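By convention in this document, chain letters (A, B, ...) are assigned in the order of the sequence lines, proteins followed by strands, and residues within each chain are numbered from 1. Only heavy atoms go into these numbers, but all of them, side chains included; no hydrogens, no water, no symmetry mates. Keep in mind that this is a model prediction, so the values were computed, not measured.
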Amino acid sequence: MFRLTPQPIDTGAARRELRDAGAGGYVSFEGWVRDQNEGKQVTRLEYEAFAELAVKEGERIVREARARYPVKHALCVHRVGSLDLADMAVWVGVSSEHRGEAFEACRYIIDEVKHRVPIWKKEHYVSGDSGWVNCERCAVPGHAHRLG
Amino acid sequence: MFRLTPQPIDTGAARRELRDAGAGGYVSFEGWVRDQNEGKQVTRLEYEAFAELAVKEGERIVREARARYPVKHALCVHRVGSLDLADMAVWVGVSSEHRGEAFEACRYIIDEVKHRVPIWKKEHYVSGDSGWVNCERCAVPGHAHRLG
Amino acid sequence: MRLKIQYYALLREQAGRSEEWLETPAATPAGLYDELAARHGFTLAREQLKVAVNSEFSDWARALEAGDSVVFIPPVAGG
Amino acid sequence: MRLKIQYYALLREQAGRSEEWLETPAATPAGLYDELAARHGFTLAREQLKVAVNSEFSDWARALEAGDSVVFIPPVAGG
């Protein structure tokens, strides 16, 4: 399962979806907004998603993880909208009979989500500048900010 | 840090100890009591620790993880006493700048804790029998139970 | 041929809009991007993008049909 | 020489106690375990155990001193 949410991620509720009497191991990952990135002081972030395809691709990734590793349950929830420092941007949880598969599947999901799911992140900096992560070098300097 | 607790593990409080403005990734592991082990139906567990050495060895493991992987914070909490099915027996949490180290350190800690920390687990089965995990084959059949 | 284009992230900002309907001679997503990049001054090269048609990833050489919904996907940065 | 022995898990059950003070001729943890195994009917072989003296892992051939606290450690199963 993969979900997008404009609200703070409710990890307690998400975790409860993974409970299973036969599960002995549970691994979760959280992505937190850091106060800096590539040497720049970050003040806040905006996440924007192409929701329909993001959910489709996210669901594909979770299905792939389940096919590769014999896990009981797996879920990923990604936040969209405006986030402050230390907010949780993404959550992945996996339960499995033994711990190895839960670690592997959780890692697989977050790695693939970061590379494949159409979600974009705009960082706002202490300097007043801002930029779309992974697009900064592509864009004419200042261009994105001027139109933003 | 490594702690033992006879109370249910408070994962919310434990997680808060790992917050860090420079941390972008957080990985946690939970060990849950399964309803079966090696083909036997389990009804409940007892965990017993040699507390003084368990804490020393647990602290050593967490220090080793911090030396091997550049993480921000790492903590392991292990439950002792009587546990029911689906209860949490152990929790490991790691925060780091980037996610790779958090996964590696979390995995290292739980793997080492399971092999090195003097904590023992007695399983009680639907059959009415019981046994100390990893000591069953060593003991004369029924012996441990008769004296237990 | 009339198509719907939706814009996200940097492309949305550079286009100054979230979506538009367009009458275009472009037969493929590749041709369509070249047309729109010229019109809106997009700074991302096509090689940096992926494209989706009707909410599914697509080949750049796919034959577009009237009414198709097209999204150009800048480098992603989830998580 | 008088020593304190603490028992855990299967050894506690087989010894029927959590600890005891013992006057013993054993000079090392290895000798002490052989003596106690015979007395309490321990089913675990010494090769399956580790030993701690004064709450730290120890060599089996360490020279014990009066007042030492000894713990024999069955195969662990945390987590």
Side-chain angles (χ1 to χ4, degrees), chain A residues 2 4 29-34 37-38 45-58 60-61 76-80 88-92 109-123 130-148, chain C residues 3-22 28-30 32-65 67-79:
Chain A
F2 181 94
L4 296 173
F29 171 81
E30 299 179 13
W32 297 342
V33 177
R34 286 193 298 149
N37 190 26
E38 295 181 3
L45 288 186
E46 287 166 74
Y47 280 96
E48 181 172 338
F50 173 13
E52 197 174 345
L53 184 54
V55 170
K56 268 189 206 172
E57 187 72 354
R60 266 194 289 261
I61 290 166
C76 178
V77 184
H78 203 296
R79 180 89 181 269
V80 292
M88 194 189 313
V90 60
W91 179 91
V92 182
I109 291 169
I110 187 60
D111 285 354
E112 295 296 309
V113 163
K114 282 177 177 257
H115 285 105
R116 290 166 48 188
V117 173
I119 297 176
W120 301 274
K121 173 164 59 178
K122 186 176 193 176
E123 291 178 335
S130 64
W132 290 98
V133 174
N134 294 338
C135 293
E136 291 161 281
R137 280 189 301 272
C138 329
V140 176
H143 190 85
H145 187 58
R146 195 173 65 243
L147 288 170
Chain C
L3 300 172
K4 183 184 181 185
I5 328 290
Q6 288 171 283
Y7 298 107
Y8 290 95
L10 181 59
L11 295 180
R12 176 179 53 72
E13 292 183 341
Q14 294 183 343
R17 69 201 74 186
S18 291
E19 62 175 69
E20 64 182 327
W21 282 90
L22 188 76
T28 65
L32 179 63
Y33 186 74
D34 292 345
E35 179 187 338
L36 292 167
R39 177 184 308 182
H40 295 305
F42 292 153
T43 53
L44 293 166
R46 183 153 61 80
E47 292 67 31
Q48 298 173 292
L49 307 177
K50 293 184 176 179
V51 64
V53 178
N54 302 329
S55 298
E56 194 47 85
F57 289 112
S58 169
D59 197 86
W60 284 98
R62 172 196 182 121
L64 291 172
E65 296 178 19
D68 277 352
S69 175
V70 182
V71 178
F72 299 106
I73 300 174
V76 303

Looking at C:G79, is its backbone amide N or carbonyl O close enough to the side chain of A:Y47 to form a donor-acceptor pair, meaning the two atoms are under 3.5 Å apart? yes
Shortest non-hydrogen separation from A:P118 to C:I73 and the atoms involved: CB-CG2, 4.2 Å
Roughly how far apart are C:E13 CD and A:C135 SG, rounded to 0.5 Å? 10.0 Å
Chain C contact via A:R116 - side chain, backbone, both or neither, heavy atoms under 4.5 Å: backbone
So for A:E57, is it side chain, backbone, both, or neither that comes closer than 4.5 Å to the heavy atoms of chain C? side chain
Provide the closest heavy-atom pair for C:S55 versus A:L53 in the form atom of the first, atom of the second, distance. O-CD1, 3.5 Å
For A:K56, is it the side chain, the backbone, both or neither that has a heavy atom under 4.5 Å from a heavy atom of chain C? side chain
Of all the heavy-atom pairs spanning A:E48 and C:A9, show the shortest one and how long it is. OE2-N, 2.9 Å
Please report the interatomic distance CH2(A:W120) to CZ(C:R12), rounded to the nearest 0.5 Å. 10.0 Å
Measure across C:Y8 and A:A49 and return the closest heavy-atom pair with its distance rounded to 0.1 Å. CE2-O, 3.3 Å
A:N134 CG to C:L10 CG distance, which is reported to the nearest 0.5 Å: 11.5 Å
